[in-house]
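See structure below.
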Amino acid sequence: MNQPLAGFAPAPVTARMENHGNHMLKVAMQTGNDLFARVGSMVAYEGFVQYEPNPPAVRQIARDWMTGEGAPLMKCTGDGLLYLADYGANVVVINLNGDAISVNATNLLAFDCHLQWGVERVKGLAKFAGQGLWNTKISGQGWVALTSRGKPIVVDCGGGEDETYVDPDALVAWSPNLKVKGKRSFKAQSLIGRGSGEAYQMAFSGQGIVVVQPSEDSTDRLRIRG
């Protein structure tokens, strides 16, 4: 191999999902261990991998996705190595060990098909957000890959009484056992976030984590219906 390119060659496979650099996901595909991935995220693959857009399992759950935030998904099957990316966004790989995570659908890149998942309304926000806010909850034993517009920060809420406040445009994911409520701030509206009108934050408390991205681009935001 040309020496200047040698450093970009794939590393030996050590896990079901792992990063290739900061902006690409490598998935070790095996027959019977299928994957859901964002439509259009495949950038390369080795071996024999097939794709089924909008499979029945996704269509059934999408009926509950009334707000339209659902990311179109495809089912990936076969044997080989699959490489996924989302327009150069950072990729975050999570191995759920019987845990659960709530994810902004626009930040969901891929997850194991055998995981339990569904679309849920976030409690405690309806009075601030009109119809409320929806998220994708994923749980079980398996792998999940998220995207972040820039290097994310993972905030440990600590389990105390103090609350962690997040601009909803920058929110990627959070522990579903956290308590969530909305907060409006009039005095700080010109300092927090990019939305028009009053500033709006989400307050998290309890034992768990919140994943926040540095970008607040409106195309990546959690849509709040009002």
(message) Once rounded to the nearest 0.5 Å, what's the spacing between atom OH of Tyr83 and atom NE2 of His20?
(response) 6.5 Å
(message) With rounding to the nearest 0.5 angstrom, report the OG1 to CG distance, Thr147 to Asn107.
(response) 4.5 Å
(message) Between Leu35 and Arg16, is there a side-chain heavy-atom distance shorter than 4.5 Å?
(response) yes
(message) Main chain of Val91, side chain of Asn19: is a donor-acceptor contact present, judged purely on distance under 3.5 Å?
(response) yes
(message) Could you check whether any side-chain N or O of His114 sits under 3.5 Å from a backbone N or O of Gln141, counting only pairs where one atom can act as donor and the other as acceptor?
(response) yes
(message) Can you tell me how far apart OG1 (Thr77) and CG (Asn33) are? Round to the nearest 0.5 Å.
(response) 11.5 Å
(message) So, taking the atom named CG in Leu96 and the one named CD in Gln116, what distance separates them when rounded to the nearest 0.5 Å?
(response) 10.0 Å
(request) Heavy atoms only: give me the nearest Gly140-Leu115 pair and the separation to one decimal. (result) C-CD2, 3.6 Å
(message) Is any side-chain heavy atom of Asn95 closer than 4.5 Å to one of Met17?
(response) no
(request) Kindly indicate whether the side chain of Phe36, heavy atoms from C-beta on, has any atom under 4.5 Å from the side chain of Pro55. (result) yes
(request) Determine the sole option in Asn135, Val210, Val211 for which the side-chain contact (heavy atoms from CB on, under 4.5 Å) test with Leu171 is passed. (result) Val210
(message) Quick check on the hydrophobic clustering: are Leu109 and Trp143 connected, directly or via other members, by side-chain heavy-atom contacts under 4.5 Å?
(response) yes
(request) Treating Ile, Leu, Val, Met, Phe, Trp and Tyr as nodes and any side-chain heavy-atom pair under 4.5 angstrom as an edge, say whether Val119 and Met74 lie in one connected cluster. (result) no
(message) Could you report the tightest heavy-atom contact between Gly47 and Tyr45, atom names first, then the distance?
(response) O-CE1, 3.7 Å
(message) With heavy-atom distances below 4.5 Å as the criterion, would you say the side chains of Phe48 and Asp79 are in contact?
(response) no
(message) Using side-chain heavy atoms (C-beta onward) and a distance below 4.5 Å, is Met42 in contact with Leu82?
(response) yes
(message) How close do Ala110 and Leu25 get, counting heavy atoms only, and between which atoms?
(response) CB-CD2, 4.1 Å
(message) Minimum heavy-atom separation for Val180 and Trp174, please, with both atom names.
(response) CG2-NE1, 4.0 Å
(request) Could you grab the distance from atom CE of Met202 to atom OH of Tyr165, nearest 0.5 Å is fine? (result) 13.0 Å
(message) Using every non-hydrogen atom in the two residues, find where Thr164 and Cys157 come nearest and quote the distance to one decimal.
(response) OG1-SG, 3.8 Å
(request) Consider only side-chain heavy atoms of I, L, V, M, F, W and Y, link residues closer than 4.5 Å, and tell whether Val49 and Met24 are in one cluster. (result) no
(request) State, without any angle test, whether Ser41 and Asp86 hold a side-chain donor-acceptor pair at a distance under 3.5 Å. (result) no
(request) Supply the atom-to-atom distance Lys151 NZ to Asn22 CG, rounded to the nearest 0.5 angstrom. (result) 8.0 Å
(message) Taking the side chain as everything from C-beta on, heavy atoms only, tell me whether Ser148 gets closer than 4.5 Å to Pro214.
(response) yes
(request) Verify the cluster assignment for Val172 and Leu73: are they in a single hydrophobic cluster under the rule of side-chain heavy atoms below 4.5 Å apart? (result) yes
(message) Between Val144 and Leu108, is there a side-chain heavy-atom distance shorter than 4.5 Å?
(response) yes
(request) Determine yes or no for a side-chain-to-main-chain donor-acceptor pair under 3.5 angstrom, with Ser102 supplying the side chain and Lys137 the backbone. (result) no
(request) State yes or no: do Ile94 and Val27 share one hydrophobic cluster built from I, L, V, M, F, W and Y residues joined by side-chain heavy-atom distances below 4.5 Å, directly or via other members? (result) no
(request) Would you indicate whether the side-chain heavy atoms of Leu146 and Ile101 approach each other to under 4.5 Å? (result) yes
(message) So which atom in Lys26 and which in Pro12 form the shortest heavy-atom distance, rounded to 0.1 Å?
(response) NZ-O, 4.0 Å
